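First up is the structure itself, then whatever we jot down about it.
What you see is a predicted model, and the numbers here were worked out from it, not measured in a lab. Convention: sequence-line order gives letters A, B, ...; per-chain numbering from 1. Both backbone and side-chain heavy atoms feed into the values below; hydrogens, waters and symmetry mates do not.
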Number of protein chains: 2
Amino acid sequence: MDPHLLRRFVAVAGHGSFSAAARELGYTQSAVSQHIAALEKDLGAVLLQRRPVAPTGVGVRLLEHARPLLLRWDAARADMARLTTAPATRIVLGVAPLAMTAWLSSTLADLRGAQPGLDVTVRVLGRAALTRDVATAAVDLGLVDGMAAPADPLQLPDTGLLTTTALAEEPLAVALPAGHPLADRAGLRLADLADAQWIEAPDTAIPLAPLRTASGSDGYRSSLRYEGTDVRGLTALIAAGHGLALLPQREFDDLPGIRAVPVRTPRLVHRIEALHHEMPDGPAARLAAALVAAS
Amino acid sequence: MDPHLLRRFVAVAGHGSFSAAARELGYTQSAVSQHIAALEKDLGAVLLQRRPVAPTGVGVRLLEHARPLLLRWDAARADMARLTTAPATRIVLGVAPLAMTAWLSSTLADLRGAQPGLDVTVRVLGRAALTRDVATAAVDLGLVDGMAAPADPLQLPDTGLLTTTALAEEPLAVALPAGHPLADRAGLRLADLADAQWIEAPDTAIPLAPLRTASGSDGYRSSLRYEGTDVRGLTALIAAGHGLALLPQREFDDLPGIRAVPVRTPRLVHRIEALHHEMPDGPAARLAAALVAAS
DNA sequence: TCGCGTTACGAGGGTCGTAAAAATT
DNA sequence: AATTTTTACGACCCTCGTAACGCGA
């Protein structure tokens with residue numbers, strides 16, 4: 001169960017093709033084929049169905065182990081690399097779409113005003129990419145978001161020695177098209193909308209899967225999936241009646257065609273946390289501290 | 001950063017000796033030396049001081065990554081092995097010392113009475129060994145314990161796809177020798193004992209490190225360390241005045257020379273959880289379900 | 001027949017043990 | 001001087017790419 005073999009297995013399963021994975025990884029199809037064969041022999045089970053290429057039951061299970069495992073692996077590597085390298089002067093700030101707030105913009109303006117040499121890249125990333133890039137140190141500081149009970153921390157994939165700090169909590173609301181029967185309520189119970197039509201926007205809105213597990217219900221189904229990190233695109237779909245989504249209430253302050261009705265029960269908030277490696281002193285550490293101080 | 005290399009690094013650091021680690025692993029000293037050299041070259045940093053052999057700063061950091069990483073790795077391997085193997089008929093039940101309760105004994109008696117073919121090994125293990133052995137499937141079902149806020153889950157090292165289920169919560173008490181000034185109180189504030197003399201018994205009582213981090217204080221110091229899983233040995237040391245320890249209150253019902261004073265603030269409980277892989281149907285799965293049902 | 005995955009085989013590189021050297025106590 | 005770690009070197013094995021093969025659309 002070599003990590004390299006595991007990584008290739010994940011790639012093949014992801015691409016649904018040996019050749020595509022081989023191209024991406026810079027190997028021959030033959031080599032990739034041998035890797036998968038070796039892994040299957042090692043584990044004593046067929047991991048992939050061929051033609052079409054799709055993971056078997058055992059393969060799916062292995063994927064569930066492999067993805068977080070490899071993420072942790074990369075995080076460890078990146079952390080070791082940081083220890084032996086000088087801190088960069090250019091800071092990459094990774095931001096989840098819903099963490100890209102007016103507060104962040106103005107705080108960043110203040111910081112850059114006070115410190116003219118501060119050289120920052122702001123990079124908006126989806127949830128999976130953001131935690132991955134923080135883990136692998138492709139971004140120095142990540143502003144992640146999600147749903148949580150008030151004062152509870154976010155449930156993030158475990159990446160080892162990363163540090164999280166709470167930055168903000170705000171009311172969570174259901175985004176409804178203006179004409180929706182519930183659109184003029186002052187607040188609502190989430191369970192009343194379990195059977196509504198939802199939009200699955202895993203990188204932009206709150207993903208639906210945790211809603212289902214939290215409520216124990218089978219509802220919150222979606223027939224439209226929105227991939228991307230542009231909130232305006234999502235709100236346009238909601239306004240057009242394609243379905244509902246969970247967003248922080250402030251996102252709607254100036255949007256026509258949408259009503260944001262706060263979720264009253266269960267008690268849930270939209271939460272933003274800073275995620276980063278324990279940083280030696282440097283620009284990234286100072287930025288992190290300043291954001292926390294300003295929150 | 002091969003897992004094998006990492007494993008050997010952990011072994012060498014643990015033994016404080018290349019030769020001892022080599023003996024344990026069935027390699028030559030030479031090979032182990034080459035492994036460490038390769039790892040150090042790969043990471044571009046010296047990981048171990050030689051003569052005496054001790055981890056450097058970077059090495060310590062790597063150990064912090066490596067130990068949980070390898071545990072997860074083993075857990076994934078064990079889980080895959082389970083999927084391709086028939087469930088065993090003999091069940092190994094791993095139990096933390098403080099989870100070895102009268103309730104467990106009688107529940108187990110009931111279960112074995114109802115099901116005569118049930119073949120069980122009860123194995124008392126310290127905290128680190130227990131989570132490790134559950135992860136690697138050396139035990140089928142682990143009863144782990146620890147300190148937590150009421151209704152909060154235990155903080156366990158992340159081992160991937162393991163499942164936990166709450167079994168019991170009980171009052172947490174400070175074990176004091178009978179003559180102690182606070183021994184006759186009905187309850188006490190933990191902070192009042194921050195400067196007392198404690199006994200560090202990581203496998204038997206509540207470890208002191210989480211107390212320090214939770215309280216943010218530097219107190220709860222110990223000058224006596226108790227290694228082992230025998231609660232009676234620890235209570236004997238407490239009765240003799242070597243120091244204090246945190247234990248569930250029931251442990252003292254019949255012990256002379258000791259007073260158990262419940263901790264009133266902060267609100268904390270001793271909690272027992274069942275820890276196991278998602279099990280296919282089999283004796284282990286049935287035992288887990290029965291224990292949860294009886295709790 | 002074409003596209004894709006598997007198998008056969010050989011070159012190259014990496015890993016281990018033996019043995020000798022170096023360093024610390 | 002003894003013990004422990006490092007280095008040198010050679011045998012072995014493993015991995016990758018090329019190329020031939022098998023198989024399904």
Query raised in the report: Do any N or O atoms from the side chain of A/H15 and from the backbone of A/A11 form a donor-acceptor pair under 3.5 angstrom?
Result: yes
Report task. Please confirm whether the backbone N or O of B/L48 pairs with a side-chain atom of B/E40, one donor and one acceptor, at under 3.5 Å? Result -> yes
**Report entry** Short side-chain N/O contact to C/dC16 OP1/OP2 from B/H35, under 4.0 Å
**Finding:** yes
Report task. Give a yes or no on whether a salt bridge exists between A/D145 and A/R127, defined as a side-chain N under 4.0 angstrom from a carboxylate O. Result -> yes
Requested in this report: For the residue pair B/Y27 and B/H35, categorise the inter-ring angle as parallel (less than 30°), tilted (30 to 60°) or perpendicular (more than 60°).
Outcome: perpendicular
With the criterion being N/O to N/O and under 3.5 Å, what pairs connect the protein with nucleotides 7-11 of chain C, and how long is each?
{"unit_1": "C/dT7", "atom_1": "O4", "unit_2": "A/S30", "atom_2": "OG", "d": "3.0"}

Query raised in the report: What nucleic acid atoms does A/V32 come within less than 4.0 Å of, heavy atoms only: base, sugar-phosphate, or nothing?
Result: nothing
Dump the pairs, protein N or O against N or O of nucleotides 22-25 of chain D, anything under 3.5 Å, distances to one decimal.
{"unit_1": "D/dG22", "atom_1": "N2", "unit_2": "A/R51", "atom_2": "NH2", "d": "3.1"}

Query raised in the report: Is it true that the side chains of B/S33 and B/Q29 contain a donor and an acceptor less than 3.5 Å apart?
Result: no
Query raised in the report: Side chains of B/H276 and B/D140: donor-acceptor distance under 3.5 Å anywhere?
Result: no
Report task. Answer yes if the side chains of A/S223 and A/Q197 hold a donor-acceptor pair under 3.5 Å, and no otherwise. Result -> yes
Query raised in the report: So, do B/T229 and B/L125 sit near enough that their side-chain heavy atoms are less than 4.5 Å apart?
Result: no
**Report entry** Presence of A/S19 side-chain N/O under 4.0 Å of C/dG5 phosphate oxygens OP1/OP2
**Finding:** yes
Query - salt_bridge(B/E278, B/R82) N-O dist < 4.0 Å - result: no
Requested in this report: Please round to 10 degrees the angle between the axis of the first five pairs and the axis of the last five pairs in the helix from C/dT1-D/dA25 to C/dT25-D/dA1.
Outcome: 30°
Query raised in the report: OP1, OP2 of C/dC16 versus side-chain N and O of B/R8: anything below 4.0 Å?
Result: yes
Requested in this report: Remember a base hit wins even if backbone is also touched, and classify B/T28 as base, sugar-phosphate or nothing at under 4.0 Å, heavy atoms.
Outcome: base
